[in-house]
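Report on one structure; see the data block that follows.
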Amino acid sequence: MPDIFKKGQKTALVAGTATVFFAIAKAVVGFISGSIVLLADAIHSAADAFSTFFAWFGLKIAQKSPTEKFPYGFYKAENITALIISGLILFAGFEIIKEAAGKIFILGELNIPLAAIGVAILDAIIMFFVGTYEMKVGREINSQSLTADGKESKMHLFSSGIVLIGLFARLFGIMYLEGIMGILIAFFIFKIGIESAKDSIFALMDVSPSKGTEEKIKKILESISGVRGFENLKLRKAGPFIFGEVQVKLGRSVNINQAREISNNIEKEIKRKVKSVDSLIVGIAPKIAESQKLCIPIKEEQGLDSEISNHFGRAEKFMFIELEKDEVKNFYFKDNPFLEKEMRAGLESSEFALKEKIDSVITKEMGPISLHTLRDNVVDVYQGVDGNARELLQKFLKEKLKLLGKPTKEK
Ligand SMILES: [Zn+2]
């Protein structure tokens with residue numbers, strides 16, 4: 001388990017301790033002073049304490065290794081317990097509404113008013129700072145539960161404001177106000193209960209993570225060399241983590257070792273950039289990519305009638321052909337800037353062609369350096385015979401061209 005989750009756990013623990021402290025302080029002061037809003041707000045803090053506890057618990061349970069009986073780990077234990085507690089929180093909300101509604105037409109006295117006001121103000125200030133810190137760490141480690149928890153803590157500026165109005169109402173004997181403020185506090189409690197119930201039910205039903213996370217993962221997939229598209233990307237949340245699977249499309253000539261390397265790269269890159277990803281299973285799609293780009297070294301520009309050059313590194317021009325479902329979608333030409341170069345023309349022209357994001361090369365001749373450079377970047381190299389681009393393309397599509405297994409010349 002990465003250290004960053006330890007940091008998250010610690011933060012959740014600090015926030016939880018502060019919340020429990022205020023829950024107890026408000027309950028005691030609320031009971032002695034006889035303030036219904038303060039008591040209601042004590043329950044609000046208790047509900048907060050539970051949801052903070054789950055942020056901590058989720059990060060904790062992630063450290064438990066899977067067993068033979070539970071091969072996917074115990075992430076969902078967080079969601080199940082959170083769901084049960086959400087039910088209790090909602091129940092507490094109803095009780096408070098009943099209690100507060102009963103107080104609307106009754107005026108009571110406020111004992112120890114300074115302590116009551118003090119505890120409400122302290123709650124607002126301290127929880128605001130705790131919440132700011134939680135949000136900072138939550139964003140750092142990409143933990144949604146911690147970030148959400150921090151937002152809630154900062155909302156105590158409002159909930160404590162409501163409590164203060166209720167306290168002053170009782171202090172100055174203003175009718176109705178205290179009961180109404182108590183009902184408002186109950187809405188805070190409902191909000192916590194409903195959100196936590198929703199989150200846990202969604203996670204239990206394998207909800208996908210946020211669109212933003214999905215887009216980020218798609219971008220990383222597209223950036224990995226050798227990946228020519230992907231399909232069936234499925235992501236699901238379990239506790240604070242993301243599990244997923246995807247099928248990637250690879251070129252025709254990719255061998256098992258290359259495929260293994262590509263799929264390792266994918267998992268490594270995604271886990272590095274999206275910390276909440278626990279595992280991503282990479283499969284190989286049965287079909288190869290529908291769109292592909294070909295590169296043919298040519299003698300001179302004559303559209304699809306351009307003749308193939310006798311060389312690769314020393315070709316006059318390169319022709320790039322974009323295919324979509326085996327149909328020519330577009331083609332364009334580029335001069336070979338390394339034509340006159342004495343040394344390393346093969347390496348540099350290969351790298352030049354690679355910049356165009358090509359999938360395959362058709363060539364008559366190729367030296368070892370070009371061939372290795374292209375194949376290391378998972379480009380298929382086919383051996384072409386004489387002919388023009390149109391004819392070679394026909395053969396390529398009918399799979400009549402041979403993959404170039406070894407260089408055609410030594411240098
Ligand atoms: Zn709260």
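Keep in mind the model is a prediction, meaning the values are calculated, not measured. Numbers here simply count residues along the sequence, with the first being 1.
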message = Closer than 4.0 angstrom, basic N to acidic O: yes or no for Glu322 and Lys293?
response =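 Yes, charged N to carboxylate O under 4.0 Å.
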
Q. Is Glu351 salt-bridged to Lys355, cutoff N-O under 4.0 Å?
A.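 Judged by the 4.0 Å cut-off on N to carboxylate O distance, Glu351 and Lys355 do not form a salt bridge.
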
What verdict does the salt bridge (charged side-chain N to carboxylate O under 4.0 Å, His left out) test give for Glu95 and Lys98, after you've listed the backbone C-alpha separation in whole Å, the side-chain angles of each residue and the deciding distance to 0.1 Å? CA-CA 5 Å; Glu95 287 299 304; Lys98 258 166 53 187; 3.3 Å; yes

Dump the intermediate steps for salt bridge (charged side-chain N to carboxylate O under 4.0 Å, His left out) on Glu215 and Lys211, then the final yes or no.
CA-CA 6 Å; Glu215 288 307 312; Lys211 270 273 161 262; 5.6 Å; no

Q: On the 0 to 90° scale, with breaks at 30° and 60°, tag the Phe320-Phe318 ring pair as parallel, tilted or perpendicular.
A: tilted

Straight-line distance of [X] [atom1] to [Y] [atom2], nearest 0.5 Å:
X      : Y      : atom1 : atom2 : answer
Ile192 : Met155 : CD1   : CE    : 10.0 Å
Lys271 : Asp278 : NZ    : CG    : 6.5 Å
Phe22  : His156 : CZ    : NE2   : 10.0 Å
Met181 : Ser35  : CE    : OG    : 12.0 Å
Glu327 : Leu393 : CD    : CG    : 10.0 Å
Leu221 : Leu233 : CG    : CG    : 6.5 Å

Quick check: do [X] and [Y] have side-chain heavy atoms less than 4.5 Å from each other?
X      : Y      : result
Lys364 : Pro297 : no
His44  : Ser159 : yes
Ile217 : Val246 : no
Val361 : Ile296 : no
Ile165 : Leu184 : no
Asp359 : Asp380 : no
Ile96  : Ile185 : no
Gln302 : Asn388 : no

query: Do we see a donor-acceptor contact under 3.5 Å between the side chains of Ser349 and Asn336?
result: no

Exercise. Check whether the side chains of Glu134 and Ser153 place a donor and an acceptor atom closer than 3.5 Å, and report yes or no.
Key: yes

Practice prompt. Decide side-chain contact (heavy atoms from CB on, under 4.5 Å) for Leu401 and Gln383; before the verdict, give the C-alpha distance in whole Å, the side-chain angles of both, and the deciding distance to 0.1 Å.
Written response: CA-CA 6 Å; Leu401 293 179; Gln383 181 150 38; over 6 Å; no

Q) Taking it one step at a time, do Phe168 and Ile174 satisfy side-chain contact (heavy atoms from CB on, under 4.5 Å)? A) CA-CA 8 Å; Phe168 286 118; Ile174 303 164; 6.0 Å; no

Would you tabulate the side-chain donor-acceptor contacts of residues 124-133 under 3.5 Å, counting partners in other chains and residues two or more places apart, or write 'none'?
from, atom 1, to, atom 2, distance (Å)
Thr132, OG1, Phe128, O, 2.7

Starting from the C-alpha separation in whole Å, work towards a yes-or-no answer on side-chain contact (heavy atoms from CB on, under 4.5 Å) for Thr408 and Phe312.
CA-CA 11 Å; Thr408 57; Phe312 179 75; over 6 Å; no

For Leu371 and Pro407, the nearest pair of non-hydrogen atoms, with its separation, is CD2-N, 3.5 Å

Sorted by chain and number, sequence neighbours left out, salt bridge (charged side-chain N to carboxylate O under 4.0 Å, His left out) with Lys406 holds for none

